[in-house]
Amino acid sequence: MSDAVDLTVLYATHDALRRELAHLDRVTTAADRDPRQVLTTAAGWTLFKNALHAHHTAEDDALWPPLRRNLAGRPKDLALLEVMEAEHAAITPVIHAIDTALADPGGGSLRLGQLTDALVRGLAGHLQHEEEAALPLIQRELTAEQWDHFSRVHAQRIDQDALLLPWLLDGTDEPTAQRLLARLPAPAYAACTGRWMPAYAVLDRWGPDSAGSAGSSTRHRPAPGRSPQE
């Protein structure tokens, strides 16, 4: 097992996605709120989609390909990577179907509830499967250089929305938060702690009409805000 492959960011991302799935489940099953109105206007739904897209595309582009090369001649392990990619691919159409249902003025809450339930179950199952089967394989087989490349790509994808790093840190314990923040270069650290985290802190992610405030606070990070290795 390689000590150079620190899976902190993957576990933190998975925990954040599970946190938002719980919010999504509560929103769509609450009796006192219209889930269509909440999801249409809530910043939480947009942030969730952005974070999931950043995470999954980083894995598809920069994690599975080098791991596949390292596993050449090992059909059982290669089959696992195909399953991981297939699980990613199965989630995207469900999200698109939810957005389509939200955009349909005549759409009912029943269909929306079915779709969000499918998303919650499907993504939660994928995260558990990845942690149990793929992450140990990653830690055993990926080189330090390959992991560093993936880490940079993952950070760059998260960098596309200034609120996603505070979103990722939300609810993490202090040691995890410090490990993630310590990887930031000084300009990005200052921007995160001085601007992005305060902007995120006042955001009611799953309240109605929160999308506007998220949009006004979201901006691209400056170019120096990459990886501390750069």
Side-chain angles (χ1 to χ4, degrees), residues 9-60 83-132 157-158 160-173 196-197 199-218:
V9 68
L10 290 187
Y11 280 113
T13 304
H14 286 191
D15 288 345
L17 290 169
R18 289 189 179 101
R19 178 196 70 219
E20 300 304 287
L21 287 177
H23 281 293
L24 182 62
D25 185 59
R26 283 194 291 270
V27 164
T28 54
T29 57
D32 60 339
R33 290 195 291 178
D34 179 1
R36 292 172 54 81
Q37 180 187 4
V38 174
L39 289 186
T40 301
T41 61
W45 176 236
T46 299
L47 287 169
F48 169 81
K49 291 187 294 181
N50 290 347
L52 183 62
H53 179 74
H55 176 60
H56 277 182
T57 58
E59 289 185 331
D60 291 341
V83 171
M84 290 293 108
E85 291 177 323
E87 289 177 357
H88 283 190
I91 291 167
T92 302
V94 181
I95 292 177
H96 290 165
I98 292 173
D99 281 336
T100 298
L102 291 172
D104 180 7
S109 297
L110 176 60
R111 175 61 175 161
L112 180 62
Q114 292 171 335
L115 289 169
T116 54
D117 184 63
L119 175 61
V120 170
R121 292 176 182 273
L123 181 54
H126 166 68
L127 296 176
Q128 181 177 354
H129 189 196
E130 184 174 304
E131 289 175 358
E132 292 176 351
R157 303 290 167 89
I158 294 293
Q160 298 306 306
D161 185 333
L163 291 181
L164 283 186
L165 183 55
W167 178 94
L168 182 63
L169 294 170
D170 188 1
T172 60
D173 58 37
W196 307 332
M197 291 176 74
Y200 178 83
V202 299
L203 182 65
D204 180 11
R205 299 192 314 282
W206 293 98
D209 303 318
S210 62
S213 57
S216 64
S217 300
T218 301

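Keep in mind that this is a model prediction, so the values were computed, not measured. Atom set for the values below is all heavy atoms of this structure, side chains included, hydrogens, waters and symmetry mates excluded.
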State whether the side chain of [X] and the backbone N or O of [Y] hold a donor-acceptor pair below 3.5 Å, judged by distance alone.
{"X": "Arg205", "Y": "Glu20", "result": "no"}
{"X": "Arg36", "Y": "Asp104", "result": "yes"}
{"X": "Arg157", "Y": "His56", "result": "no"}

Contact summary for [X] and [Y], nearest pair of heavy atoms:
{"X": "Ala103", "Y": "Pro105", "answer": "O-CD, 3.2 Å"}
{"X": "Val27", "Y": "Pro35", "answer": "O-CB, 3.7 Å"}
{"X": "Ala51", "Y": "Leu164", "answer": "CB-CD2, 3.9 Å"}
{"X": "Pro166", "Y": "Leu163", "answer": "CD-O, 3.3 Å"}
{"X": "Tyr200", "Y": "Leu47", "answer": "CE1-CD1, 4.5 Å"}

Measure the [atom1]-[atom2] distance between [X] and [Y] for me, rounded to the nearest 0.5 Å.
{"X": "Thr100", "Y": "Ile95", "atom1": "OG1", "atom2": "CD1", "answer": "12.0 Å"}
{"X": "Thr28", "Y": "Arg33", "atom1": "OG1", "atom2": "CZ", "answer": "10.0 Å"}
{"X": "Asp170", "Y": "Asp15", "atom1": "CG", "atom2": "CG", "answer": "11.5 Å"}
{"X": "Glu85", "Y": "Glu59", "atom1": "CD", "atom2": "CD", "answer": "10.0 Å"}
{"X": "Met84", "Y": "Glu130", "atom1": "CE", "atom2": "CD", "answer": "6.0 Å"}
{"X": "Leu102", "Y": "Thr41", "atom1": "CG", "atom2": "OG1", "answer": "10.0 Å"}

Heavy-atom distance under 4.5 Å between the side chains of [X] and [Y], does that happen here?
{"X": "Leu119", "Y": "Ile91", "result": "yes"}
{"X": "Leu39", "Y": "Leu112", "result": "yes"}
{"X": "Leu127", "Y": "Leu123", "result": "yes"}

Partners meeting salt bridge (Lys or Arg N to Asp or Glu O under 4.0 Å) with Arg121 (sequence neighbours left out):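 Scan of Arg121 (salt bridge (Lys or Arg N to Asp or Glu O under 4.0 Å), adjacent residues dropped) gives Asp117.
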Working for side-chain contact (heavy atoms from CB on, under 4.5 Å), residues Lys49 and His53: CA-CA 6 Å; Lys49 291 187 294 181; His53 179 74; over 6 Å; no
Option among His14, His126, His88 that satisfies the ring pair (Phe, Tyr, Trp, His ring centres under 6.0 Å) test with His55: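 Exactly one candidate clears the test, His14.
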Parallel, tilted or perpendicular, as decided by the 30° and 60° cut-offs, for the rings of Trp45 and Phe48: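 Parallel.
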